[in-house]
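Worksheet: the structure to be examined is printed underneath.
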2 protein chains.
Amino acid sequence: MTGNAREAILAAAKTAAQHRGYNGINFRSIGEAVGVKNASIYYHFASKAELGAAVAERYWQDTAKVLQGIGEANPDPLRCLAAYPSIFRTSLEDGNRLCLSSFMAAEYEDLPEEVMVEVKAFAQTNVEWLAQVLAAAGLGSEAFCERRARAIYSAVAGAQLIARTRRDIALFDELIDSYRDAGLLPGMQP
Amino acid sequence: MTGNAREAILAAAKTAAQHRGYNGINFRSIGEAVGVKNASIYYHFASKAELGAAVAERYWQDTAKVLQGIGEANPDPLRCLAAYPSIFRTSLEDGNRLCLSSFMAAEYEDLPEEVMVEVKAFAQTNVEWLAQVLAAAGLGSEAFCERRARAIYSAVAGAQLIARTRRDIALFDELIDSYRDAGLLPGMQP
DNA sequence: ACCTGAACACCGTTCAAGT
DNA sequence: ACCTGAACACCGTTCAAGT
């Protein structure tokens, strides 16, 4: 049963971070949600920075699993690429949340180094997965695929950011379609 | 001479917001920078929300002027489009700052409605300018140009967000080049 | 092993008071 | 007309103390 409160704190902090970013992680609110006093959180996490890093770490690890699942469910690399934006779309669907990484990218001046490390790991996970799938689709050299992977990742993150501002999932879909029409994303509807 | 302290407060708040977002606007720090006590700021701005909205409003108005300048300096619409990303690049050059709008898009759950209105005006200004230039370049129907304008804006904003995280302007340039190679941005080096 | 109350310096905000 | 000091509730954090 050990780690039960720790898990609950982590879950509450993740929800808060996805809605309001690192700055939105509030020890008193989390304590309330979990059923402990805010001082108790320090028994489980040495600081807000450590809690934030733990949230971000788990976040990119979860995303890595989802990406792996997409790869396994879609033997055709072009289908994988078509499914990729759904990760970002899901966040918007689910309470108009922003990708944790984009959030923290915006906040980064206030971000402790240990949190930043995990944010970078998230981007790295996405880019590596995309580069690999682009290569499997035979779309170009290794260097080209990595370059294009970075472009896709940043464009999709931008689409999520903008769509969120308008609370408009249809706008997100339109932006992704435009990327596809323009040739940034390899063609094919999901 | 009236409005002198008001201007100084606005300038200090703008700098803070460009580095740390709306949450980074700190009345005590701004008071110190301006040479007044934090309570005095309330004489000029009724609340942090009003100050934030004033900062965001001036920000999109300044950007509108820069866009107009690009249009006047480049009779060729394709040259205008090639110059567009420079607006976002300049922020990164100048202290690795993020476009105020992207910042506030990330923070938006905490953003007072009056600030949000100005953030949307910034996006609108960019998209309208882009759509007009795309149309002038004869790149398609009005509907197509507006759609593509939104895609360019969100992709460039995403590139700035990601490049900022790595404190790497070269990455920003590479992403923009990739967008151009892929066909999202009409071709031609700036 | 896990939690708490009380305190700290810091924040936005208010307000009565000063010039 | 413009500014201030003192107070408020709120934050992250610490720490001695409880079970």
Side-chain angles (χ1 to χ4, degrees), chain A residues 1-56 103-104 106-116 118, chain B residues 1-56 103-104 106-116 118:
Chain A
M1 269 344 115
T2 178
N4 227 342
R6 194 180 195 279
E7 279 306 311
I9 291 165
L10 215 39
K14 185 188 172 187
T15 301
Q18 281 186 299
H19 280 95
R20 301 201 217 290
Y22 179 75
N23 279 323
I25 297 178
N26 177 321
F27 275 52
R28 280 172 178 88
S29 299
I30 288 172
E32 210 170 321
V34 172
V36 296
K37 296 295 163 189
N38 75 87
S40 307
I41 296 170
Y42 286 87
Y43 179 76
H44 301 282
F45 298 94
S47 64
K48 180 166 171 174
E50 195 178 301
L51 175 57
V55 167
F103 242 139
M104 294 187 167
E107 287 177 305
Y108 106 121
E109 295 264 0
D110 291 324
L111 238 43
E113 191 54 35
E114 57 199 294
V115 181
M116 204 62 220
E118 304 301 337
Chain B
M1 272 339 116
T2 178
N4 226 344
R6 195 180 194 279
E7 280 305 312
I9 290 165
L10 216 37
K14 184 187 174 188
T15 302
Q18 281 187 300
H19 280 95
R20 300 200 217 292
Y22 179 74
N23 279 322
I25 297 178
N26 177 321
F27 275 52
R28 281 172 178 87
S29 300
I30 288 171
E32 210 170 321
V34 172
V36 296
K37 297 296 162 189
N38 75 86
S40 307
I41 297 172
Y42 286 87
Y43 178 75
H44 301 282
F45 298 94
S47 63
K48 179 166 171 174
E50 195 178 300
L51 175 55
V55 167
F103 242 138
M104 294 188 167
E107 286 177 306
Y108 105 119
E109 296 263 0
D110 292 322
L111 237 45
E113 193 53 36
E114 57 198 295
V115 181
M116 203 63 220
E118 305 301 337

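Residue numbers start from 1 in every chain, and the chains themselves are labelled A, B, ... in the order their sequence lines are given, proteins ahead of strands.
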## Note on the structure
The Watson-Crick or G-U wobble partner of D/dC11, with both key distances under 3.5 Å, is none
### Query
Of the candidate nucleotides D/dT13, C/dC3, D/dA6, which contains the atom at the shortest distance from the side chain of B/A39?
D/dA6
### Message
Show the nearest heavy-atom pair for residues B/K48 and B/N23, with the distance to one decimal.
### Response
NZ-O, 3.8 Å
### Query
Does the pair B/Y22 and B/D110 meet the rule for a side-chain contact (heavy atoms from CB on, under 4.5 Å), with working shown?
CA-CA 9 Å; B/Y22 179 74; B/D110 292 322; 5.6 Å; no
### Query
When we call it a touch if two heavy atoms are under 4.0 Å apart, what does A/I25 touch: a base, just sugar-phosphate, or nothing?
sugar-phosphate
### Message
For A/E50 versus A/E114, what's the shortest heavy-atom pair and its separation?
### Response
CA-OE1, 3.8 Å
### Summary
With the side chain defined as heavy atoms from C-beta on, A/V36 is closest, among D/dA7, C/dT4, D/dG12, to C/dT4
#### Entry: Nearest-angstrom distance from the residue atom OH of A/Y42 to P of D/dC11
12 Å
### Message
What is the separation between atom CG on B/N38 and atom C1' on D/dT4, rounded to the nearest whole Å?
### Response
10 Å
### Summary
Whole-Å distance, B/I41 CD1 to D/dA1 P, equals 20 Å
## Note on the structure
Comparing B/R28 with A/N26, nearest DNA chain D nucleotide closer to 5' gives the residue B/R28
### Message
Here's a test for you: under side-chain contact (heavy atoms from CB on, under 4.5 Å), which of A/I9, A/V55, A/L51, A/I25 qualifies with A/K14?
### Response
A/V55
### Task
Please state how far atom CZ in A/F45 lies from atom P in D/dG12, giving the value in whole angstrom units.
15 Å
### Query
In whole angstroms, how far is the P atom of D/dG5 from the CZ atom of B/F27?
18 Å
#### Entry: Nucleotide forming a Watson-Crick or wobble pair with C/dA16, both distances under 3.5 Å
D/dT4
### Query
Does OP1 or OP2 of C/dC2 have a side-chain N or O of A/S40 closer than 4.0 Å?
no
### Query
Rounded to the nearest 0.5 Å, what separation is found between the CG atom of A/N38 and the CD atom of A/E32?
10.5 Å
### Message
Whole angstroms only, please: what is the CD-C1' distance between B/E32 and C/dG12?
### Response
16 Å
### Query
Over how many whole Å does the gap from B/D110 atom CG to C/dG12 atom C1' extend?
14 Å
### Message
Among C/dT4, C/dA7, C/dG12, which nucleotide has an atom closest to any side-chain atom of A/K37?
### Response
C/dT4
### Message
Between P on D/dC11 and CZ on A/R20, what's the gap in Å once rounded to a whole number?
### Response
11 Å
### Query
Reckon B/Y43 touches a base, only the sugar-phosphate, or nothing at all at heavy-atom distances under 4.0 Å?
base
### Query
Taking OP1 and OP2 of D/dA1, is either one under 4.0 Å from a side-chain nitrogen or oxygen of B/H44?
no
